[in-house]
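In what follows, every chain begins at residue 1, and chains take the letters A, B, ... in the order their sequences are listed.
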Amino acid sequence: MSELESRGADFLHEAVAADLSAGRFDRVHTRFPPEPNAYLHIGHAKAVWISYGIARDFGGLFNLRFDDTNPAAEEQEFVDGIIADVRWLGADWGDRLFFASDYFEQMYEWAVQLVRQGDAYVCDLSAEQVSATRGTLTTPGAASPFRNRSVEENLDLFARMRAGEFPDGSRTLRAKIDMAHPNLNMRDPVMYRILHVAHHRQGDKWCIYPMYDWAHGLEDSIEGVTHSLCSLEYENHRPLYDWFLDRLGIYHPRQIEFARYSLTYTVMSKRRFVQLVEGGHVNGYDDPRLPTLAGLRRRGVTPQAIRAFCERIGVGKADTNVAVDVALLEHFIREELNRTAPRRMAVLDPLRVVIENYPEGQAEELDAVNNPEDAAAGRRKVPFGRTLYIEREDFMEDPPKKFFRMAPGREVRLRYAYFITCREAVKDAAGNVVELRCTYDPATRGGDAPDGRKVKATLHWVAADSAVDAEARLYGHLFTQADPDEAPEGKDYRANLNPDSMKVIAAKCEPALAAAAPGDRFQFERMGYFCCDPDSAAGRPVFNRTVTLKDTWAKVQKQGK
RNA sequence: UGGCCCGUAGUGUAACGGUAACACAACUGACUCUGGAUCAGUUAUUCCUGGUUCGAAUCCAGGCGGGCCAGCCA
């Protein structure tokens, strides 16, 4: 509720509160109704969190219900995936896991009622003919020649549709509303279509399946939902939602629509996920570059961060053409991980350093803090030695003015260890720096200078002898454009795919990282947050970069160019 | 030429007739054994034009701009 207090209620909370005080409802009950035909993405997370949040804030109930009315598109695999995703996100549906397909019998009986009332009829028109007679946005449609069949004939035909006497597409049950209605959805919409397709839960029990518009309000009504929250594109469907419920005379929930959003530097549709996966641009639906919940989870994003993000962006009706800045999501990821992720040292692009005055064969362990933001995280020992690795980018032979790090003759601090001074940069035949010869000051053990002298930079490092080899996958934005659709003439969003969205590199890690288990999250000091990937093998961990740390130096560099 | 919905900093939201707020981003600076974190500061005549009012982002009218809708998808 703290969000609500600090910024005022959104229009959904206001609408629900108004319904309560007006007596339209005396309790609150919401639902999240995914179709099990794809994996959830972060856009769905917002929808889940809005409905769950409304229920929670008003002391109400929240259902997870699969809208499985089209067996041609749906699979059990997605049911399982979605349940896992919603649970991971943290929405609580108690024991209220429902399936629309469990209501098919009741829906059928209600359809019969509408037929009896003269509100529905069996239509023999083909899909093409229905489309051709629907009219246009500006002209009315034409009545079906079957519109005025007798109730008896309709009842008989509908029963035979169910019994499987007719082939796919040969007939439909249609609501008898108004072929001249300015809202196309009201021009005798199809309620049932014939589909001789096995359902993933119902098997061959049915060969007629209800359409969304017919089914959805019934599902809400059966479950006692008070507020059926959905996205803006269903606004035009609300009159139909209400019409069916009114004609049936059954309990009538209220549908309210809200704007969904997109994110910069990514795409968010099932169709595009399929294209990216099948085109080999990403490695599956849980690729850490995809905004699927499975991908975000694998990348190391926490459900807390996603929730904080959802609450911060709020809800509105402004149909935004532009997307929410992915930097906001990244902010919440950093905020969470800064508090919770243990610090470790890992060198992603190793440059060898030899401490010339450090005794050959000597080794020692230094004391390091696990998390400066959390004293309870404790401390650990990090081995030091004569030969080390530092980050290649932390050395410049001819540094510009604002570069504080290692350079010939310069002294820097190795975190938790010693001050070292660069004496020489050793190069190979091609002129590449391959090793730094340095000296250290034994008096600075632990990282403090007894004489109080300052160094400008503190570098992370890993001792060579005890280093653990790891694979690091450095992820960046999947697209180079904030709006991937801004593509050159004749090209689509795929032209904006970022060729560097994943860089796989061999890293050197401090020994503690050898014990990392898939899902473990760390901050690699000065480099970013990383999450141990399921691809990890014993002794050879794989780390996914969740997000980099904020990098002031990178900004300075950018400005210089 | 139809119907429905929506226009507030770069972005997302708030202000509910009383003088524009929050977060992120960006930019300054302070501090720091992570160029991290933290702290301080800077960034808007609310799409336009009229009207009502002592007073309008809020109400009204007309423009302009954007979104959705012609699946037997959801």
Notebook entry, point to check: Going by 5.5 Å between centroids and 30° between planes, is there a stack of A/Trp553 over B/rG35?
Noted result: yes
Note to self: In whole Å, measure the gap between the C1' atoms of B/rA21 and B/rU8 for me.
What the structure shows: 11 Å
Next item on the list: Using only heavy-atom distances, decide whether a donor-acceptor pair under 3.5 angstrom links the side-chain of A/Glu128 to the base of B/rG71.
Entry: no
Check: What interatomic distance, in whole Å, is found between P of B/rC39 and the corresponding atom of B/rU45?
Finding: 29 Å
Check: Any N or O donor-acceptor pair linking the side chain of A/Arg405 to the base of B/rG35 at under 3.5 Å?
Finding: yes
Next item on the list: Provide the distance between the two P atoms, one in B/rG67 and one in B/rA15, to the nearest whole Å.
Entry: 26 Å
Notebook entry, point to check: Is any side-chain N of the basic residue among A/Asp374 and A/Arg339 closer than 4.0 Å to the acidic one's carboxylate O?
Noted result: no
Note to self: With a 4.0 Å cutoff (strictly under), does any side-chain N or O of A/Arg134 reach OP1 or OP2 of B/rC72?
What the structure shows: yes
Next item on the list: Would you please indicate yes or no on a ring centroid separation below 6.0 angstrom for A/Tyr39 and A/Phe78?
Entry: yes
Margin query: Counting only side-chain nitrogens and oxygens, does A/Ser131 get under 4.0 Å of the OP1 or OP2 atom of B/rG71?
Written below: yes
Check: Does the side chain of A/Lys270 get closer than 4.0 angstrom to OP1 or OP2 of B/rA74 through an N or O atom?
Finding: no
Notebook entry, point to check: Can a salt bridge be assigned to the pair A/Glu223 and A/Arg31 using a cut-off of 4.0 Å between side-chain N and carboxylate O?
Noted result: no
Next item on the list: Determine: side-chain N/O of A/Gln557 to OP1/OP2 of B/rG35, distance under 4.0 Å, yes or no.
Entry: no
Next item on the list: Kindly say if A/Arg334 contacts the phosphate of B/rA37, meaning a side-chain N or O under 4.0 Å from OP1 or OP2.
Entry: no
Next item on the list: Mind telling me if B/rG41 is syn or anti? Syn here is a glycosidic angle within 90° of 0.
Entry: anti
Note to self: Tell me if the centroids of the rings in A/Phe404 and A/Trp553 come within less than 6.0 Å of each other.
What the structure shows: no
Check: Is A/Tyr261 stacked on the base of B/rG12, meaning ring centres closer than 5.5 Å and planes within 30 degrees of each other?
Finding: no
Check: With the threshold set at 4.0 Å, does a side-chain nitrogen-carboxylate oxygen contact exist between A/Glu233 and A/Arg260?
Finding: yes
Check: Hey, where does RNA chain B pair up into stems, meaning at least three consecutive Watson-Crick or G-U pairs with distances under 3.5 Å?
Finding: B:2-7 with B:64-69, B:10-13 with B:21-24, B:26-30 with B:38-42, B:47-51 with B:59-63
Next item on the list: Using the P atom as the reference point in each nucleotide, state the distance between B/rC4 and B/rU53 in Å, no decimals.
Entry: 30 Å
Notebook entry, point to check: Does A/Lys555 have a side-chain nitrogen or oxygen under 4.0 Å from the phosphate oxygens OP1 or OP2 of B/rG35?
Noted result: no
Next item on the list: May I have the distance from A/Gln255 (atom CD) to B/rA74 (atom P), rounded to whole angstrom?
Entry: 15 Å
Next item on the list: Output yes when at least one side-chain N/O atom of A/Arg343 is less than 4.0 Å from OP1 or OP2 of B/rA37, else no.
Entry: no
Check: Are OP1 or OP2 of B/rA74 and a side-chain N or O of A/Arg65 less than 4.0 angstrom apart?
Finding: no
Check: Would you say the side chain of A/Asp319 and the base of B/rC68 hold a donor-acceptor pair, judged only by whether the two atoms sit under 3.5 Å apart?
Finding: no
Item checked: Distance between P atoms of B/rC22 and B/rA40 (Å, rounded) -> 12 Å
Checklist line | Rounded C1' spacing from B/rC64 to B/rA74 in Å | finding: 34 Å
Note to self: For a quick test of reading the model: is some side-chain N or O of A/Thr139 closer than 4.0 Å to OP1 or OP2 of B/rG2?
What the structure shows: no
Next item on the list: Answer yes or no: does a side-chain N or O of A/Arg413 lie under 4.0 Å from OP1 or OP2 of B/rU34?
Entry: no
Item checked: Integer-rounded Å distance: B/rC5 P and A/Arg238 CZ -> 8 Å
Check: Taking the P atom of each, how far is B/rG2 from B/rG51, in whole Å?
Finding: 29 Å
Notebook entry, point to check: Is the shortest side-chain N to carboxylate O distance from A/Asp119 to A/Lys176 below 4.0 Å?
Noted result: no
Check: Does NZ in A/Lys402 sit with more than 12 non-hydrogen atoms of other residues, nucleotides or ligands closer than 6.0 Å?
Finding: no
Next item on the list: Taking salt bridge (charged side-chain N to carboxylate O under 4.0 Å, His left out) as the test, write out the residues that go with A/Asp85, two or more places apart.
Entry: A/Arg297
